[in-house]
Amino acid sequence: MSQDSTLHYARVLTIAGSDSGGGAGIQADLKTFAALGCYGMSAITALTAQNTVGVRAIHGVPAAFLKEQIAAVIEDIGVDAVKIGMLHAPEIVEVVAWAIDHYRLQQVVLDPVMVATSGDALIRHETIASLVSELFPRATLVTPNLDEAALLLGRPVREVADLDAACADLLGLGAKGVLLKGGHLGGDELTDLLARADQPADQWLRLSGPRIATRNSHGTGCTLSSAIAAHLALGLELAEAVQAAHSYIRGAIAAGAQVQTGQGHGPLNHGYAPLPMRLLRA
């Protein structure tokens with residue numbers, strides 16, 4: 001078999017924190033990759049002691065060791081897309097920016113994780129400026145929720161009418177694309193807005209759907225960004241990847257809505273409709 005016809009899996013790397021409770025972080029990412037037929041790999045930025053109720057402790061991984069994890073994976077296995085999650089310190093951000101440039105990573109989804117579903121802070125304040133300056137321009141897509149957008153912009157984002165202006169300002173921070181997640185909006189219908197710097201605002205994509213009543217929302221943001229990265233690895237264009245990921249996460253939320261896992265915010269049902277591993281040609 002020639003090198004040109006060599007088969008490989010759709011390879012997705014998550015650079016994120018570990019959730020010992022299994023509902024968010026790299027655990028949610030790897031479950032999502034597997035459910036969508038991709039081969040998942042991880043480079044862990046931090047260990048957390050957490051469950052469905054809250055975060056008890058965070059232990060950061062040294063930046064040099066994170067760099068070794070990333071290099072080991074990419075130099076041997078290769079990567080088709082990358083999901084970036086919890087980056088707790090500026091030196092961690094710098095390693096990730098180096099990796100994007102050094103390995104010329106093309107499909108990068110940045111989920112600017114700042115606060116857990118429980119309300120616990122997951123990022124040092126001084127890291128936010130580094131995240132914006134170093135990674136917003138390097139990412140294909142940035143996926144903040146409304147609370148994260150408010151922290152980034154220094155103002156609240158509370159209404160559907162606020163989404164367009166917030167996306168425009170987030171693009172103004174250097175992002176090429178923004179998916180502003182409306183899960184914290186009030187009302188019975190939720191709206192996410194996909195905005196791209198290379199499109200006029202009247203071409204931005206709105207994704208709306210009815211709110212699913214559940215306490216099990218832990219890891220929703222991690223799962224959505226991972227699903228987008230997985231679909232990019234599988235060859236979908238950005239808008240198609242976002243739409244496919246949106247459909248997947250709504251199914252995962254609905255399938256796990258009534259399940260009791262722990263005493264707080266439980267996880268989604270990541271494996272509600274698993275797909276076989278997809279094979280790609282080099």
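The structure presented is a predicted model; accordingly, all values stated were derived computationally and were not measured. Residue numbers start at 1 and run along the sequence shown.
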If you define the side chain from C-beta out and look only at heavy atoms, does anything of H231 sit under 4.5 Å from E240?
no
So which heavy atom on E134 is nearest to which on A97, and how close?
OE1-CB, 4.0 Å
Qualifying residue for side chain to side chain contact (heavy atoms under 4.5 Å, CB included) with V95, from V61, L66, I100
L66
What I'd like to find out is whether the side chain of Y248 reaches to under 4.5 Å of the side chain of T223, using heavy atoms alone.
yes
Expected output: side-chain S20 to main-chain T48 donor-acceptor under 3.5 Å
yes
Nearest heavy-atom contact between Q107 and T140 is CA-OG1, 3.5 Å
For D198, enumerate each residue passing the salt bridge (charged side-chain N to carboxylate O under 4.0 Å, His left out) test, keeping only those at least two apart in sequence or located in another chain.
R196
Other residues, nucleotides, ligands: >12 heavy atoms within 6.0 Å of Q199 CD:
yes
Same apolar cluster (I L V M F W Y, side chains within < 4.5 Å links), W98/V82:
yes
With rounding to the nearest 0.5 angstrom, report the CG to OG1 distance, L279 to T6.
12.0 Å
More than 12 heavy atoms of other residues, nucleotides or ligands under 6.0 Å from OH of Y39: is that the case?
no
Stepwise, does the side chain to side chain contact (heavy atoms under 4.5 Å, CB included) test hold for R215 with T52?
CA-CA 10 Å; R215 285 176 53 85; T52 65; over 6 Å; no
I'd like to know if the side chain of N51 reaches the main chain of G21, judged simply by a donor and an acceptor atom lying under 3.5 Å from each other, with no hydrogens or angles considered.
no
N/O donor-acceptor pairs under 3.5 Å from side chains in residues 23-30, not counting sequence neighbours:
{"from": "Q27", "atom 1": "OE1", "to": "D19", "atom 2": "N", "distance (Å)": "2.8"}
{"from": "Q27", "atom 1": "NE2", "to": "S18", "atom 2": "OG", "distance (Å)": "3.0"}
{"from": "Q27", "atom 1": "NE2", "to": "D19", "atom 2": "O", "distance (Å)": "3.2"}
{"from": "D29", "atom 1": "OD1", "to": "K83", "atom 2": "NZ", "distance (Å)": "2.9"}
{"from": "D29", "atom 1": "OD1", "to": "S226", "atom 2": "OG", "distance (Å)": "2.4"}
{"from": "D29", "atom 1": "OD2", "to": "T14", "atom 2": "OG1", "distance (Å)": "2.6"}

Can you list every pair that meets salt bridge (charged side-chain N to carboxylate O under 4.0 Å, His left out) and has a residue in residues 94-105, with sequence neighbours left out?
D101-R138
With a 3.5 Å cut-off and sequence neighbours excluded, list the donor-acceptor pairs that the side chains of residues 255-264 form with protein atoms.
{"from": "Q260", "atom 1": "NE2", "to": "G262", "atom 2": "O", "distance (Å)": "2.3"}

Donor-acceptor under 3.5 Å (E237 side chain, A239 main chain)
yes
Write down the atom of A81, the atom of A229, and the distance for their closest heavy-atom approach.
CB-O, 3.3 Å
Here the gap from I15 atom CD1 to L105 atom CG, rounded to the nearest 0.5 Å, amounts to 7.0 Å
Kindly say whether L36 contributes a backbone atom to a donor-acceptor pair with the side chain of R278 at under 3.5 angstrom?
no
Grab the two heavy atoms, one from T127 and one from H88, that are nearest each other, plus how far apart they are.
OG1-O, 3.1 Å
Linked, directly or transitively: L180 and V132 (ILVMFWY side chains, under 4.5 Å)
yes
Considering non-hydrogen atoms only, spot the tightest contact between M86 and T45 and give its length.
O-OG1, 2.6 Å
With sequence neighbours excluded, tell me which residues meet salt bridge (charged side-chain N to carboxylate O under 4.0 Å, His left out) with D169.
R155
Looking at every heavy atom in both A43 and I70, which two are closest together, and how far apart are they?
CB-CG1, 3.7 Å
Common cluster, F65/L47, ILVMFWY with side-chain heavy-atom separation under 4.5 Å
yes
With a 3.5 Å distance limit and no angle check, can you tell me whether N216 reaches the backbone of H265 through a side-chain donor-acceptor pair?
no
My understanding is that a hydrophobic cluster links ILVMFWY residues whose side chain heavy atoms are under 4.5 Å apart, including indirect links. Using that, what else belongs to the cluster containing L205?
V109, L141, L179, L194, L207, I212, L224, I228, L232, L238, V242, I249, I253, L268
How many angstroms lie between atom OG of S42 and atom CG of L13, to the nearest 0.5 angstrom?
7.5 Å
Side-chain contact, heavy-atom cut-off 4.5 Å: T220 with K181?
no
same_hphob_cluster(I128, L110) at 4.5 Å side-chain heavy-atom cutoff:
yes
Within the 4.5 Å heavy-atom criterion, are F33 and H270 side-chain neighbours or not?
no
Would V96 and L173 show up in the same hydrophobic cluster when neighbours are defined by side-chain heavy atoms closer than 4.5 Å?
yes
Applying salt bridge (Lys or Arg N to Asp or Glu O under 4.0 Å) to D188 and R211, what does each step give before you reach the verdict?
CA-CA 5 Å; D188 294 329; R211 184 186 299 276; 5.5 Å; no
Is the shortest side-chain heavy-atom distance between V79 and Y103 below 4.5 Å?
no
Rounded to the nearest 0.5 angstrom, the CG-CG distance for L170 and L153 is 4.5 Å
From L280 atom CG to Y9 atom OH, the distance as rounded to the nearest 0.5 Å:
11.5 Å
Is there a donor-acceptor contact under 3.5 Å from the side chain of N145 to the main chain of D147?
yes
I want to check something: taking the side chain as every heavy atom from C-beta on, are D80 and V12 in contact at a cut-off of under 4.5 Å?
no
Is any side-chain heavy atom of L131 less than 4.5 Å from a side-chain heavy atom of P90?
no
When you compare the side chain of Q50 with that of H218, does any pair of heavy atoms fall below 4.5 Å?
yes
